[in-house]
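Just so we're clear, the structure is a prediction, and the values are computed from it rather than from any experiment. Numbered from 1 within each chain, the chains take letters A, B, ... in sequence-line order.
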Amino acid sequence: MDILLVGPSKSGKTSIQRVVFKKLSPHESFFLPPTMSVETLTVENNPNVQFTIKDFPGNKEFDAEADRAILEQTGAIIYVFDAQIGDIEESCGKLKDIIAEASKVNEKIYYEVFVHKVDSDLYQNDDQKMEVYNDFQREIRNELKEADINVNITFYLTSIYDHTIFDALSKIVQKLFPFVEHLIEMLNSLHTSCGVEKAFIFDIISKIFIATDSSPVDITHYEICSELIDVLIDMSCIYGKDNLKFDEESSTTIKLKKGDNADDEAGNTYLYLKEVDEYLVLVCLIGEEEFQKKHLINYNINLLKQSLKEIFAKK
Amino acid sequence: MATQDSEKVQKVLLMGRAGSGKTSMRSIIFANYLARDTYRFTFTVDINRSRVRFLGNLVLSLWDCGGQGLFMEQYFQSQKDQIFKNVEVLIYVFEVVSKEPDKDLEYYKNCLAALEDLSQGAKIFCMIHKMDLIADSMRDKVFEQKQQEIIDVSKDFDVTCFRTSIWDETLYKAWSDIVNILLPNVQDLKSSLKDFCDANSADDVVLFEKYTFLVIANHDNIGHKDDHRFEKISNIIKQFKLSCIKTNFQFESMTFKNSYFTAFVEEFTSSTYIMVISSDPDVETEAISFNIKASRDYFENLVTDSLGSS
């Protein structure tokens with residue numbers, strides 16, 4: 001499955017790819033040279049969660065005939081729009097052209113729009129972000145209506161300086177794998193049967209989550225879980241044998257007590273991390289009371305782990 | 001509870017030319033700033049005095065002295081007595097890539113001269129800062145050279161030089177070494193950590209200060225290959241601690257495991273965290289956890305004693 005990154009030059013496509021998949025510090029992405037030819041990067045940490053990101057040079061245009069081979073393999077097209085300087089009308093026109101050509105070849109492609117770089121001084125509050133988000137959405141819907149093209153587009157507000165970019169890419173990757181639905185079901189039952197507040201399954205290398213239960217995602221929960229993975233990997237690099245970062249026995253338990261100015265509702269919480277498959281971990285937030293029944297949680301996580309193996313085996 | 005009498009106030013001067021990074025490093029170590037947030041600081045006007053409490057009873061009175069030329073002149077004239085009296089520690093920050101290296105040394109010499117008059121016996125530390133601006137392969141050479149220049153002008157003073165950067169663990173290393181010198185009785189603490197380490201057949205035991213996560217003392221039973229590991233861990237855990245604060249939580253304990261090791265990081269005495277690393281498969285993790293709890297009171301007293309009797 002391929003994910004294509006397209007959009008005007010200097011909109012931040014390569015930065016996204018480097019920051020998320022190559023761990024480049026966002027501040028250094030400032031100096032990246034323009035992309036001259038297609039850059040391909042395959043994520044294959046787990047044999048069952050593999051996808052390829054294709055980073056195209058700016059303003060790449062597609063042609064149903066010439067690019068047939070590429071489009072047939074494509075699962076999602078991400079259009080990156082620079083919210084700082086981008087021209088909405090022009091961008092929407094280009095995106096419409098891409099959609100028109102691509103949908104001739106492959107009807108199953110998901111279209112995703114990143115309203116990107118909303119971290120600048122222009123967007124100090126959420127209202128301003130929503131405004132550009134809505135403008136873009138309205139404009140592209142009009143364009144598509146006029147051209148009589150009927151596809152689904154999802155919009156995201158993103159920035160490489162915070163976790164929004166990871167969140168958006170996670171949601172896109174999840175669309176590409178049908179087994180994610182089963183994972184969500186399993187996480188839901190973990191949620192109901194063991195009182196797990198929130199559960200994520202992460203690819204630990206890219207820190208993209210490939211599934212979470214159906215309760216709404218609080219971005220701070222995602223943040224803390226993703227930081228936890230960093231700490232585990234760093235500690236394992238220092239104390240693991242032969243710099244072994246991660247293995248079947250990898251696990252972490254963190255006890256968090258509520259801060260001084262937290263509301264009274266919040267009690268102590270545990271962060272619990274367990275390996276579930278090659279380079280995949282389950283990270284849960286669990287209330288103190290529920291965590292007393294750790295054996296029950298472990299038992300259920302083991303069941304989840306086995307089911308996951310069965311799902312992967314059937315594929 | 002700490003009373004006024006048992007408090008020990010030590011005056012620490014933080015000096016260096018304008019823009020050398022004094023306020024940035026102070027904020028990262030003592031005020032929970034992230035390195036990337038420090039670029040917003042403008043220059044310090046005159047002197048910024050702050051008190052930091054360290055290990056409960058040790059109070060550092062930090063004098064962050066703005067490095068603009070104009071202020072510098074005043075320091076050595078009208079304000080000389082006020083600034084250079086009763087100084088325990090001088091930390092002088094040199095920017096490794098400096099436009100006027102001669103002037104840096106000039107000011108530094110003035111500081112030493114003032115200390116010679118007013119605070120004999122002050123401890124001198126020099127930080128050769130912003131090492132990240134030097135290419136990796138050149139760092140050793142550049143550092144040696146700078147260090148020699150500094151030692152040459154320091155004459156009778158005994159100086160310790162550190163190479164630092166706010167972007168990696170070197171900053172923690174330098175500050176850990178400095179605070180260690182301010183703890184006269186840290187030896188007892190070290191030998192007790194050794195006993196604790198042996199009793200648990202652990203590999204590594206480290207005591208971190210609660211707020212700064214600077215290393216106070218440690219014992220290493222197996223001779224770990226990486227000498228900078230504690231500073232790295234200080235850095236890693238402090239980052240995590242800051243993200244916890246954002247979500248309105250504080251972490252109390254952490255356990256990390258893989259098939260080779262188990263690491264505990266736990267709130268220990270009222271002013272420290274302890275880290276215990278074990279790789280012995282015969283040792284139950286619960287046992288270590290229990291031992292940590294059991295020895296808490298004993299170490300509480302030791303930590304207080306490490307500050308020296310008042």
| query | So which of A:T269, A:L232, A:T253 has the biggest tally of heavy-atom pairs under 4.5 Å with chain B? | reply |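 Most heavy-atom pairs under 4.5 Å with chain B: A:T253.
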
| note | Looking only at A:L271, A:L273, A:L256, most heavy-atom pairs under 4.5 Å shared with chain B are made by A:L256

| said: Can you list the residues of residues 195-229 of chain A that sit under 4.5 Å from chain B, counting heavy atoms only? | reply: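 Only A:T220, A:E223, A:I224, A:E227, A:L228 of residues 195-229 of chain A have a heavy atom under 4.5 Å from chain B.
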
| request: Just do the side chain to side chain contact (heavy atoms under 4.5 Å, CB included) check on A:K257 and B:E267 with the steps written out, would you? | output: CA-CA 11 Å; A:K257 56 183 181 182; B:E267 236 178 346; 3.3 Å; yes

| message | Go through it in stages, so that I can follow the logic: the residues are B:F261 and A:S236, the test is side chain to side chain contact (heavy atoms under 4.5 Å, CB included), and I'd like the CA-CA distance, side-chain angles, deciding distance and then a yes or no. | response | CA-CA 8 Å; B:F261 79 103; A:S236 306; 4.0 Å; yes

More than 12 foreign heavy atoms under 6.0 Å from [atom1] of [X]: is that the case here?
| X | atom1 | answer |
| --- | --- | --- |
| A:E248 | CD | no |
| B:K241 | NZ | yes |
| B:K99 | NZ | no |
| B:Y211 | OH | no |
| B:E252 | CD | yes |
| A:Y279 | OH | no |

| field | Any B:I233 side-chain heavy atom under 4.5 Å of A:Y239 side chain | value |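 The answer is yes; the side chains approach within 4.5 Å.
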
| said: Please classify the contact of B:F230 with chain A as side chain, backbone, both or neither, using a heavy-atom distance under 4.5 Å. | reply: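 Answer is side chain: those atoms of B:F230 sit under 4.5 Å from chain A.
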
| message | Is B:D204 close to chain A through its backbone or its side chain, or both, or neither, when contacts mean heavy atoms under 4.5 Å? | response | side chain

| task | Give a yes or no on whether the backbone of B:S259 and the side-chain of A:D247 come within a donor-acceptor separation of less than 3.5 Å. | result |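 Looks like yes, one N/O pair under 3.5 Å.
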
| field | Greatest number of heavy atom pairs closer than 4.5 Å to chain A - which of B:E266, B:K257, B:R229 | value | B:K257

| Options B:S279, B:S253, B:A263, ranked by heavy-atom pairs under 4.5 Å with chain A, top entry |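 Between B:S279, B:S253, B:A263, the count favours B:S253.
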
| Would B:K232 and A:M235 count as a side chain to side chain contact (heavy atoms under 4.5 Å, CB included) if you check the C-alpha gap in whole Å, the side-chain angles of each, and the deciding distance to 0.1 Å? | CA-CA 9 Å; B:K232 285 182 191 159; A:M235 291 291 276; over 6 Å; no

| request: Could you please spell out the steps behind the side chain to side chain contact (heavy atoms under 4.5 Å, CB included) verdict for B:F249 and A:N268? | output: CA-CA 8 Å; B:F249 279 115; A:N268 293 343; over 6 Å; no

